Amino acid sequence: IEAKGTATVPVLLPRLRAGDYYLNVFVKSPQGVETSGAQLLTIESPFGIGGVTTQTDFVERGDTIRGVVSTRGVLPTGVRLLLRFRDSYDRVLREQELKPVANQNDYPFSYTATDADTILMRAEAVVLDGAGEVESRVAEFTVPKRRHGQFNFVMWDGPNDVLGYYAWKHLQEVGYNTCLMSSFGLSQQPSVLRACDTSMVPYSTRILDDKNEDGTMKPVCWNHEPKVSEYVQKIVDNQINLRKQGVFVYSLGDEGVTKGCCVHPACLAAYRKWLQEQYGTIDKLNASWGEKYASFEEVNLLSDKDNME
């Protein structure tokens with residue numbers, strides 16, 4: 001090709017199954033790669049797999065997940081329809097043949113999860129003719145792995161980006177199989193951990209003693225119902241997606257505050273109730289404190305801004 005010129009270069013492609021591909025082109029010289037380009041290439045077929053669906057996106061070990069393989073077009077006589085269940089190591093754990101039937105497009109299937117399954121599993125449907133695979137479609141589902149009843153190495157957080165997959169593969173070589181990671185908000189299953197068959201320890205909350213300007217505790221006074229139950233339920237709801245991957249234990253935080261009080265009316269009411277349980281009668285409290293309260297309801301802090309009194 002002359003400098004600044006153009007040329008057409010024929011490319012002989014191998015047989016490819018239907019789907020989208022990228023055709024990458026590189027121009028090299030003795031100095032290395034001079035330039036490159038890419039073009040989307042779509043391979044089509046008049047028949048193949050329309051899709052694979054499952055009734056749910058996860059299944060517990062010992063339970064059965066059900067789904068449907070849908071074909072498209074008219075499957076010619078002699079083609080084969082296979083269903084393979086692959087784990088995250090790309091091993092085929094089970095394969096079954098679905099016999100094509102005239103005028104039928106939907107083929108139901110079921111799979112019972114076992115201890116051999118990895119967290120990430122794939123139901124892969126393939127149409128084959130005499131020359132090879134024509135088209136393939138996949139549906140992913142998870143089989144939670146909690147790793148109870150065994151010794152586990154836990155990594156406190158870890159990489160979850162594109163390169164994180166390779167980092168976790170190396171971590172697994174030295175024994176790490178569980179990751180502790182933040183799950184304060186509505187959490188999604190980390191795709192890197194799922195692909196690496198890694199279980200989780202969600203760091204679901206951390207209880208501190210921060211106060212609002214009015215002296216009430218953040219995020220909520222722990223004696224204020226129903227606010228406490230609402231806050232705790234939100235923490236629980238944030239973990240709903242993680243249980244589908246497999247949770248070893250849930251972390252409630254570290255270095256938390258074990259004693260907390262504030263000037264919220266609910267907290268003061270709990271304080272007065274505790275005093276009544278301790279002294280029994282207001283007369284005994286008055287005798288001990290040198291006060292003249294008429295009832296426990298009159299007991300108050302010396303300062304309404306003193307959280308630690």
Side-chain angles (χ1 to χ4, degrees), residues 1-54 57 67-98 100 105-107 109 118-142 159-170 172 188-197:
I1 302 174
E2 297 180 359
K4 298 183 180 180
T6 60
T8 300
V9 180
V11 177
L12 180 62
L13 296 176
R15 174 189 165 92
L16 300 171
R17 65 187 182 192
D20 292 332
Y21 300 84
Y22 277 102
L23 182 62
N24 298 316
V25 179
F26 298 90
V27 177
K28 295 183 178 181
S29 71
Q31 287 73 39
V33 176
E34 299 289 349
T35 188
S36 65
Q39 175 64 44
L40 177 64
L41 175 67
T42 299
I43 305 297
E44 298 179 343
S45 171
F47 63 91
I49 304 295
V52 183
T53 57
T54 56
D57 56 356
V68 174
V69 174
S70 298
T71 60
R72 61 177 183 81
V74 178
L75 300 184
T77 302
V79 302
R80 300 174 65 200
L81 177 59
L82 295 182
L83 180 62
R84 299 165 179 158
F85 292 91
R86 294 185 181 270
D87 66 8
S88 59
Y89 299 99
D90 209 33
R91 299 174 298 193
V92 177
L93 301 189
R94 198 186 88 185
E95 179 178 284
Q96 68 183 88
E97 186 156 359
L98 305 175
N105 295 107
D106 292 336
Y107 297 84
F109 67 85
T118 53
I119 293 173
L120 178 64
M121 294 292 294
R122 291 173 291 161
E124 176 190 71
V126 185
V127 169
L128 302 96
D129 60 13
E133 294 186 1
V134 176
E135 188 173 25
S136 174
R137 292 291 181 92
V138 169
E140 294 184 349
F141 61 93
T142 58
N160 290 299
D161 55 9
V162 174
L163 296 179
Y165 175 83
Y166 302 97
W168 269 104
K169 285 298 183 182
H170 286 293
Q172 288 177 321
Q188 301 299 323
Q189 298 175 47
S191 57
V192 168
L193 299 185
R194 187 171 63 237
C196 291
D197 203 37

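Here the structure is a predicted model, which is why all the values come from computation and not from measurement.
Side-chain contact of D106 with S70: a donor-acceptor pair under 3.5 Å is present, judged by distance alone.
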Inset, instruction - Kindly indicate, with the supporting measurements, whether the criterion side-chain contact (heavy atoms from CB on, under 4.5 Å) is fulfilled by V25 and V11. - result: CA-CA 10 Å; V25 179; V11 177; over 6 Å; no
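Looking at residues two or more places apart in sequence or on another chain, you find a side-chain contact (heavy atoms from CB on, under 4.5 Å) between S88 and T118, L120, D197. Residues passing the side chain to side chain donor-acceptor pair (under 3.5 Å) test with N160, sequence neighbours excluded: none. Taking the salt bridge (charged side-chain N to carboxylate O under 4.0 Å, His left out) definition, one finds that D90 meets it with R86, R122, sequence neighbours left out. In this structure V74 satisfies the side-chain contact (heavy atoms from CB on, under 4.5 Å) test with no other residue, sequence neighbours excluded. Remark: T35 engages V27 in a side-chain contact (heavy atoms from CB on, under 4.5 Å) (not counting sequence neighbours). E97 is linked by a side chain to side chain donor-acceptor pair (under 3.5 Å) to R80, counting only residues two or more places apart in sequence or in another chain. R94 meets the side-chain contact (heavy atoms from CB on, under 4.5 Å) test with F85, Q96, Y111; sequence neighbours excluded. Legend: residues meeting side chain to side chain donor-acceptor pair (under 3.5 Å) with E135, ordered by chain and number and at least two apart, are R72. Judged as a side chain to side chain donor-acceptor pair (under 3.5 Å), and not counting sequence neighbours, R137 has no contacts.
In this structure, Y107 and V68 have side chains that are not in contact, with every pair of non-hydrogen atoms separated by 4.5 Å or more.
Atom CG of L40 is separated from atom OH of Y22 by 5.5 Å, given to the nearest 0.5 angstrom. Atoms CD1 and CD, on I119 and Q189 in that order, are 9.0 Å from each other to the nearest 0.5 Å. Expressed to the nearest 0.5 Å, how far CZ of R194 lies from OG1 of T142 amounts to 7.5 Å.
Judged as a salt bridge (Lys or Arg N to Asp or Glu O under 4.0 Å), the pairs with a partner in residues 11-24 (not counting sequence neighbours) are, in order, R15-D129, R17-E133.
Between A123 and F109 the shortest heavy-atom distance is CB-CZ, 4.2 Å. When all heavy atoms of V126 and S136 are compared, the closest pair comes out as CG2-OG, 3.8 Å. P100 approaches V79 most closely through the heavy-atom pair CG-O, 3.8 Å.
Summarising the local packing, CD of Q39 is surrounded by 12 or fewer heavy atoms from other residues, nucleotides or ligands at distances under 6.0 Å. By the neighbour-count criterion of 12 heavy atoms within 6.0 Å, atom OH of Y21 is densely surrounded, having more than that number from other residues, nucleotides or ligands.
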Would you be so kind as to tabulate the donor-acceptor pairs closer than 3.5 Å made by side chains of residues 44-54, with sequence neighbours excluded?
{"from": "S45", "atom 1": "OG", "to": "F47", "atom 2": "N", "distance (Å)": "3.4"}
{"from": "S45", "atom 1": "OG", "to": "F47", "atom 2": "O", "distance (Å)": "2.7"}
{"from": "T54", "atom 1": "OG1", "to": "T56", "atom 2": "O", "distance (Å)": "2.8"}

